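Following: one structure in structure tokens, then a few remarks.
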Amino acid sequence: SGVIAFLRAALPADSSENVRFALPPRFASVVRALGALEGAVLAVDPEFEVVTAAYPHVARALLADRDARARQALRRLVLDRHGRVRWRRLEALGKSAFSASDV
């Protein structure tokens, strides 16, 4: 459940598709930093989950950001490909965002 596993889960599962995957340079830098952070943290605490710890902060940022790209990311997160709400995901997002505001 680390950073790389999270990214793999986000990509299409059908390996028969020839999927080209590229990250913008800024995002690639963030992923590299998270990977390095995760490696350092796991050396100290093998049970720590970086993605789980970061999720509340990402949730709060997505819910608060008025930028069109953030809104699109939020829509992709909480709506399935048919435009139906993923209620469990939306609930988890809300709970995470509110728990992060208490920190």
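Given the structure is predicted, the values throughout are model-derived calculations rather than measurements. Residue numbers start at 1 and run along the sequence shown.
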Q) Any chance the side chains of Gln72 and Arg69 put a donor and an acceptor closer than 3.5 Å? A) no
Q: Test Leu79 against Arg86 for side chain to side chain contact (heavy atoms under 4.5 Å, CB included), laying out the working first.
A: CA-CA 6 Å; Leu79 300 177; Arg86 297 174 177 168; over 6 Å; no
Q | With sequence neighbours excluded, residues passing side-chain hydrogen bond (donor to acceptor under 3.5 Å, both in side chains) with Arg66 | A | none
Q) For the hydrophobic clusters of this structure (ILVMFWY residues joined by side-chain heavy atoms under 4.5 Å, transitively), does one cluster hold both Leu34 and Leu42? A) no
Q) In terms of hydrophobic clustering (I, L, V, M, F, W, Y; side-chain heavy atoms under 4.5 Å; direct or indirect links), are Val44 and Val50 co-clustered? A) no
Q. Do any N or O atoms from the side chain of Arg71 and from the backbone of Asp65 form a donor-acceptor pair under 3.5 angstrom?
A. yes
